[in-house]
Q: 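Can you read through this structure? Questions will come right after.
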Amino acid sequence: MGKGLPKRSENYSEWYNEIVKRAGLAENSPVRGCMVIKPYGFAIWEKMQRALDDMFKATGHENAYFPLFVPRSFLEKEEEHAEGFAKECAVVTHYRLKADPDGKGLMVDPNAKLEEELIIRPTSETVIWNAYKNWIQSWRDLPILINQWANVVRWEMRTRLFLRTAEFLWQEGHTAHATEPEAIEETEKILGLYADFAENWMAMPVIQGLKTPSERFAGAVETYCIEALMQDGRALQAGTSHFLGQNFAKVFDVKFVNKENQLEYAWATSWGVSTRLMGALIMAHSDDNGLVLPPKLAPIQVVIVPIYKSEEDLAKISETVEGIVADLRNAGISVKYDDSDNQRSGWKFAEYELKGVPIRLGIGMRDVENGTIEVARRDTLTKTSVPIEGVIETVNVMLEQIQQAIYQKALRFREENTFSVDNWDDFTRQIEKGGFVMAHWDGTADTEEKIKNETKATIRCIPLVSADEAGKCVFSGKDSARRVVFARAY
RNA sequence: CGGGGCGUAGCACAGCCUGGUAGUGCGCACGGUUUGGGACCGUGAGGCCGCAAGUUCGAAUCUUGCCGCCCCGACCA
């Protein structure tokens with residue numbers, strides 16, 4: 001393993017890839033576009049899962065599990081949905097292999113061809129709504145508030161670790177409601193929940209908004225999203241919440257009897273966040289020394305590194321550390337004492353910085369004698385010496401400070417990289433430089449398309465919270481009622 | 001699917017032009033000296049040189065075909 005990482009300023013995507021690999025988060029698998037999520041990376045994902053799952057449960061949702069395979073006939077039913085996903089589906093056509101008579105190895109057994117192909121789910125609306133058909137008869141059966149944690153496959157042409165992989169892990173919520181307002185309320189509630197998670201757990205500020213019709217989820221009536229700004233000035237869609245109207249209820253014939261004894265189609269929502277959030281987390285905070293993790297999602301919040309010359313010294317240091325470890329654990333802080341003897345302290349310092357451990361405690365004989373300990377902050381790379389006596393409190397306070405500080409830093413970055421522009425020259429120039437570009441848009445798909453073709457910028461969202469402000473479309477000069485967020489996106 | 005790059009030890013690479021049977025660094029094992037920001041010395045283990053065919057006395061090296069991966073675009077969460 002070499003020493004330094006590539007610099008963000010020199011080669012951002014190489015920096016990103018190297019951080020993912022060298023911090024032990026994930027690696028490429030033998031299958032194109034798929035990744036192995038390694039223990040340290042998966043530990044972060046598990047923390048995200050836990051927090052999100054608690055939030056789902058707290059808002060009345062239950063977990064369930066639906067099959068990996070989608071019959072082709074299901075996927076066909078909703079026309080827009082089918083069209084949106086058709087190009088990126090992995091398809092199972094056979095159920096058996098046999099020994100290859102012409103040589104060694106195995107071949108697909110032509111006699112084992114499936115009657116109907118099975119699609120490996122790119123998303124589960126169809127399978128789930130097919131099930132809901134049998135679950136819903138009366139308004140009393142509603143709402144159904146279900147989430148599932150699963151893997152899905154989308155055969156993307158170009159993949160990047162975490163940000164876009166052919167197979168990814170996610171959660172997908174699928175709810176059914178008796179009324180349109182209730183379904184819309186659910187869609188918005190989940191969007192708020194995602195924003196809450198992004199900001200308070202990931203320390204990543206997001207803009208909540210609506211997608212334009214052309215950026216909508218295939219089959220949705222309305223798509224809400226949270227959009228984050230990465231350090232290279234590109235936007236990342238971090239989560240989506242869809243109001244599906246009655247589209248899926250109609251094609252899967254999911255009807256219920258309302259209080260007035262009339263048959264009605266159920267109203268649907270679906271929403272999801274994926275392991276892409278790992279990519280967002282990495283790009284939101286990390287620096288040229290490696291990962292910077294928010295304390296709330298860090299698998300190891302505090303690492304303790306002993307600095308010693310002899311075995312006897314280590315024994316004495318360990319004695320002191322033992323108490324600190326116990327106290328930290330009692331305070332609910334995850335801590336690792338790294339007394340391994342195969343690396344020296346300097347190596348460990350660099351290693352844990354690479355892994356983004358929020359706080360490092362360094363302790364040597366000098367400290368043991370003086371009753372002090374060195375506290376190093378990952379986000380600021382600052383070090384101070386404090387009395388061992390109050391170290392638990394110091395750590396506790398500092399973890400909270402780091403959580404806040406990296407959020408504030410990311411927020412400041414976003415603010416400094418959000419620009420209002422009012423003419424085409426400024427628009428193209430700013431898109432080229434990066435950042436969120438707030439500009440007027442005439443509301444037509446045609447203009448949106450032309451802007452995309454000329455600048456590669458897309459409308460990330462129409463912000464939910466924004467002042468009405470009359471203006472002229474930056475491209476067509478036509479009237480516009482409010483600014484929308486443009487950016488180049490991942 | 002277009003454009004570029006690359007497949008040689010666990011990792012990063014050199015060797016290929018000009019064919020002679022594989023090397024450097026990191027890592028790993030053991031021993032020793034070290035230890036407050038990525039230590040050093042010694043010894044050692046580790047290879048079907050992506051796969052297949054061809055040329056040749058002889059192929060990592062030349063030829064042909066295949067396979068795979070990475071990066072940049074188009075597409076997408």
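Atoms considered below: every heavy atom in the structure, side chains included; atoms not considered: hydrogens, waters and symmetry mates. Below, chain A is the first sequence line, B the second, and so on; all start at residue 1.
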Q: Can you sort out the partners of R160(A) under salt bridge (Lys or Arg N to Asp or Glu O under 4.0 Å), two or more places apart, ordered by chain and number?
A: none

Q: Between the protein and nucleotides 32-35 of chain B, which nitrogen or oxygen pairs come in under 3.5 angstrom?
A:
residue	atom	partner	partner atom	Å
U35(B)	O4'	R344(A)	NH2	2.8
U35(B)	O2'	Y308(A)	O	3.1
U35(B)	O4	K309(A)	O	2.6

Q: Per the ring-ring contact (aromatic ring centres under 6.0 Å, His included) rule, what does the pair list look like for residues 208-239 of chain A, sequence neighbours excluded?
A: H81(A)-F217(A), F85(A)-F217(A), F217(A)-H242(A)

Q: Using the test side-chain contact (heavy atoms from CB on, under 4.5 Å), find all partners of V321(A) that sit at least two apart in sequence or belong to another chain.
A: I304(A), I317(A), V325(A), Y337(A), I363(A)

Q: Tell me, please, which residues at least two apart from S466(A) pass side-chain hydrogen bond (donor to acceptor under 3.5 Å, both in side chains).
A: none

Q: Which residues pass the ring-ring contact (aromatic ring centres under 6.0 Å, His included) test with W271(A), sequence neighbours left out?
A: F56(A), H61(A)

Q: Quick one: list whatever passes ring-ring contact (aromatic ring centres under 6.0 Å, His included) with Y16(A), sequence neighbours left out.
A: none

Q: Which side chain to side chain donor-acceptor pair (under 3.5 Å) pairs, counting each pair once, include a residue from residues 430-439 of chain A, with sequence neighbours left out?
A: E432(A)-R488(A)

Q: My validator wants the stems of RNA chain B: runs of 3 or more consecutive Watson-Crick or G-U pairs, both distances under 3.5 Å, written as range with range.
A: B:1-7 with B:67-73, B:10-13 with B:23-26, B:28-33 with B:39-44, B:50-54 with B:62-66

Q: Tell me, please, which residues at least two apart from W424(A) pass ring-ring contact (aromatic ring centres under 6.0 Å, His included).
A: F427(A), F475(A)

Q: Could I get the full list of ring-ring contact (aromatic ring centres under 6.0 Å, His included) partners for Y132(A), not counting sequence neighbours?
A: W129(A), W135(A)

Q: Grab the N/O contacts between the protein and nucleotides 69-71 of chain B below 3.5 Å, and write none if there aren't any.
A:
residue	atom	partner	partner atom	Å
C69(B)	OP1	R32(A)	N	2.9
C70(B)	OP1	N28(A)	OD1	3.3
C71(B)	OP1	N17(A)	ND2	3.1

